[in-house]
Amino acid sequence: MTFAKITQVAHSVPKKVVSNDDLSKIMDTNDEWIYSRTGIKNRHISTGENTSDLAADVAQKLLTNASVSADSIDFIIVATITPDSLMPSTAARVQAKIGAINAFAYDLTAACSGFVFALSTAEKLLASGNYKRGIVIGAEVFSKIMDWSDRSTAVLFGDGAGGVLLENTGIQPLIIAEKLQTDGSRGDSLLSGLTDINTPFATVNYESKSLSMEGRAIFDFAVRDVPKNIKATLEEAQISSEEIDFYLLHQANSRILDKMAKKLGVERSKFLQNMQEYGNTSAASIPLLLSESVKNGIFTLDGKTKIVLTGFGGGLTWGTTIINL
Ligand code: ACO
């Protein structure tokens with residue numbers, strides 16, 4: 001039996017930091033409103049770096065830290081909804097940038113659940129026994145798709161990337177239990193990237209192509225559906241919520257994390273948080289938090305830590321994996 005193991009973590013963010021006060025100079029908002037409703041203080045915003053630049057930086061760090069060669073990588077999956085281009089995929093661009101000539105590569109689109117969905121996929125690829133080593137990255141340059149004239153969404157998001165190196169060297173299952181969900185019937189509450197039809201045969205034009213969000217509906221979705229999903233995954237694993245060392249949830253809003261902790265009866269300090277420095281980075285938020293937590297010595301990759309990873313967002317998509325890290 002082959003078990004996947006996360007052997008390295010890494011992250012990368014654009015250098016430019018934009019504070020709430022900086023935003024208040026370019027739109028009608030203020031630090032008090034943003035911080036009290038979201039827990040966000042700063043975000044990193046691209047000054048030219050594209051999604052594949054951040055993702056390739058993460059991939060290169062993973063290789064360097066593991067002292068493995070690029071040609072030993074079997075696959076690269078990039079979870080993103082802000083690709084440089086639809087074709088080639090961001091993952092294909094990363095493959096070329098790092099010279100992973102033997103890797104197949106593709107993007108996975110599941111918005112803020114993207115990293116959790118991609119990790120689940122990668123674990124199955126390694127369990128098949130056909131592959132030895134893969135890279136999974138969540139990367140977004142969200143600033144590209146934001147409507148900068150809409151203060152209700154423009155203050156929430158940031159750019160960044162995080163990722164993991166997975167190898168088939170585990171001595172225990174990486175994923176203890178998982179539950180991935182989608183409800184496309186509620187998809188319109190988080191929209192971006194609509195494409196027009198303009199052909200000799202038909203014309204369909206959409207008013208807006210940048211991000212739009214029904215904030216209240218998404219908040220309600222996050223605090224109603226997501227804790228149920230976490231509870232169901234814990235039940236499947238026959239693990240109590242207290243046995244989990246840390247909860248790494250999508251970093252959308254600290255008030256959502258407060259409510260989750262309450263609903264699960266878990267002390268709030270187990271819900272790690274870094275959205276104050278990065279904002280909501282969509283598919284990048286969980287691997288960014290994972291990598292930063294290892295860097296800060298909160299936990300190591302010794303296989304002894306039980307972690308809940310939960311994503312939720314556009315699609316609507318949501319899902320949990322409980323992992324041995
Ligand atoms: N600065 C100042 N005032 C603002 C701002 C701003 N940036 N944005 C909105 N307001 C105003 C509104 O105009 C409104 O004013 P009004 O009462 O005079 O009309 C008032 O603030 C309240 O607006 P609401 O939208 O009702 O504010 P709410 O308390 O619901 O908070 C928020 C908004 C923070 C977006 C909240 O709904 C939320 O967190 N939703 C969840 C979003 C989320 O988690 N998304 C992530 C998942 S999806 C993904 O990650 C891609």
Side-chain angles (χ1 to χ4, degrees), residues 18-43 51 79-83 108-117 138-162 181-184 186-193 210-227 229 248-260 271 273-276 278-289 309-320:
V18 177
S19 68
N20 292 346
D21 288 335
D22 294 333
L23 287 180
S24 71
K25 290 177 194 137
I26 56 173
M27 62 184 79
D28 182 14
T29 190
N30 56 75
D31 176 59
E32 201 281 320
W33 192 96
I34 302 171
Y35 186 66
S36 64
R37 278 183 172 73
T38 68
I40 297 166
K41 278 270 175 200
N42 297 305
R43 72 283 294 141
T51 309
T80 185
I81 55 165
T82 53
L108 184 149
T109 306
C112 311
S113 311
F115 181 77
V116 172
F117 281 30
E140 306 281 13
V141 175
F142 225 83
S143 54
K144 289 189 292 188
I145 64 162
M146 269 144 60
D147 176 355
W148 284 94
S149 67
D150 174 13
R151 66 176 180 171
S152 66
T153 52
V155 302
L156 303 176
F157 297 93
D159 302 335
Q181 295 184 255
T182 297
D183 181 0
R186 286 186 277 170
D188 283 354
S189 51
L190 254 171
L191 262 184
S192 81
S210 40
L211 178 98
S212 67
M213 177 175 78
E214 291 167 23
R216 281 283 162 86
I218 295 298
F219 193 94
D220 290 347
F221 150 67
V223 298
R224 277 189 202 143
D225 297 78
V226 180
N229 170 276
L248 275 65
L249 271 59
H250 171 49
Q251 299 289 293
N253 184 314
S254 63
R255 286 188 301 143
I256 291 177
L257 299 189
D258 296 344
K259 286 196 187 282
M260 299 266 192
F271 281 69
Q273 179 174 324
N274 66 359
M275 86 270 290
Q276 59 277 12
Y278 301 108
N280 177 345
T281 57
S282 183
S285 81
I286 293 174
L288 187 49
L289 183 62
L309 302 179
T310 302
F312 51 91
L316 299 176
T317 56
W318 65 110
T320 295

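Heavy-atom basis, side chains included; hydrogens, waters and symmetry copies ignored. Counting starts at 1 for both ligands and their atoms, following the listed order.
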Per-atom contacts, ligand 1 versus [X] - under 4.0 Å to a heavy atom:
X	answer
F157	51 (C)
L190	48 (S)
S152	8 (N), 9 (C)
N280	46 (C), 49 (C), 50 (O)
I256	44 (O)
A252	44 (O), 46 (C)
V155	7 (N)

Taking all heavy atoms of [X] and all of [Y], pick out the closest pair and write down the distance.
X	Y	answer
T310	I286	O-CD1, 3.2 Å
I256	A222	CD1-CB, 3.7 Å
A79	A283	O-CB, 3.5 Å
A161	L288	O-CD1, 3.9 Å

* Does R186 come within less than 4.0 Å of D225, counting only side-chain N to carboxylate O? ->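 Yes, charged N to carboxylate O under 4.0 Å.
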* Give the C-alpha distance, both sets of side-chain angles, the deciding distance and a yes or no for side chain to side chain contact (heavy atoms under 4.5 Å, CB included) between Q251 and N274. => CA-CA 7 Å; Q251 299 289 293; N274 66 359; 3.5 Å; yes
Would you mind checking which non-hydrogen protein atom is closest to [atom], with the distance to 0.1 Å?
atom	value
atom 21 (O) of ligand 1	W33 NE1, 3.1 Å
atom 24 (P) of ligand 1	R216 NH2, 4.2 Å
atom 35 (C) of ligand 1	L156 CD1, 3.9 Å
atom 43 (C) of ligand 1	I218 CG2, 3.7 Å
atom 34 (C) of ligand 1	T38 CG2, 3.8 Å
atom 12 (C) of ligand 1	R151 NH2, 3.8 Å
atom 1 (N) of ligand 1	T29 OG1, 2.7 Å
atom 42 (C) of ligand 1	M213 CE, 3.6 Å

* Quickly, which of D31, N30, N42 forms a side chain to side chain contact (heavy atoms under 4.5 Å, CB included) with D21? Name it, please. =>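 Testing each of D31, N30, N42 against D21, the sole residue satisfying side chain to side chain contact (heavy atoms under 4.5 Å, CB included) is D31.
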* From the options T182, L190, V116, select the one residue that forms a side chain to side chain contact (heavy atoms under 4.5 Å, CB included) with T317. =>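 Only match with T317 under side chain to side chain contact (heavy atoms under 4.5 Å, CB included): T182.
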Going by the closest heavy atom to [atom], which one wins out of [options]?
atom	options	answer
atom 27 (O) of ligand 1	R255, R37, E32	R37
atom 51 (C) of ligand 1	G313, S36, C112	C112
atom 37 (O) of ligand 1	G39, S24, G215	G215

* Rounded to the nearest 0.5 Å, what separation is found between the OG atom of S212 and the CG atom of D188? -> 8.0 Å
* Looking only at heavy atoms of I34, does any of them come nearer than 4.0 Å to an atom of ligand 1? -> no
* Non-hydrogen atoms of M27 versus ligand 1: any pair closer than 4.0 Å? -> no
For ligand 1, which is the ligand I care about here, please tell me if [X] has any N or O atom under 3.5 Å from one of the ligand's N or O atoms.
X	value
H250	yes
N30	no
N253	yes

Under 4.0 Å from [atom], is there any protein heavy atom?
atom	value
atom 49 (C) of ligand 1	yes
atom 18 (O) of ligand 1	no
atom 6 (C) of ligand 1	yes
atom 45 (N) of ligand 1	yes

* Would you kindly say whether D22 and S19 are connected by a side-chain donor-acceptor distance under 3.5 Å? =>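 Indeed, the side chains of D22 and S19 share at least one donor-acceptor pair under 3.5 Å.
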* Do the side-chain N and O atoms of E140 and T281 include a donor-acceptor pair separated by under 3.5 angstrom? ->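 Per modelled atom types, E140 and T281 side chains form no pair under 3.5 Å.
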* More than 12 foreign heavy atoms under 6.0 Å from NZ of K259: is that the case here? -> no
* F115 and H250, any side-chain heavy atoms less than 4.5 Å apart -> no
* Applying a 4.0 Å heavy-atom criterion (strictly less than), which segment of T153 is in contact with ligand 1: side chain, backbone, both, or neither? -> neither
* Asked: So, the side chain of N280 versus the backbone of N253: is there a donor-acceptor pair under 3.5 Å, distance only?
  -> no
* Where does the angle between the aromatic ring planes of F142 and F157 fall among parallel (under 30°), tilted (30 to 60°) and perpendicular (over 60°)? ->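 Rings of F142 and F157: parallel, under 30°.
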* Asked: Step by step, would you call W148 with S143 a side chain to side chain contact (heavy atoms under 4.5 Å, CB included)?
  -> CA-CA 8 Å; W148 284 94; S143 54; 3.8 Å; yes
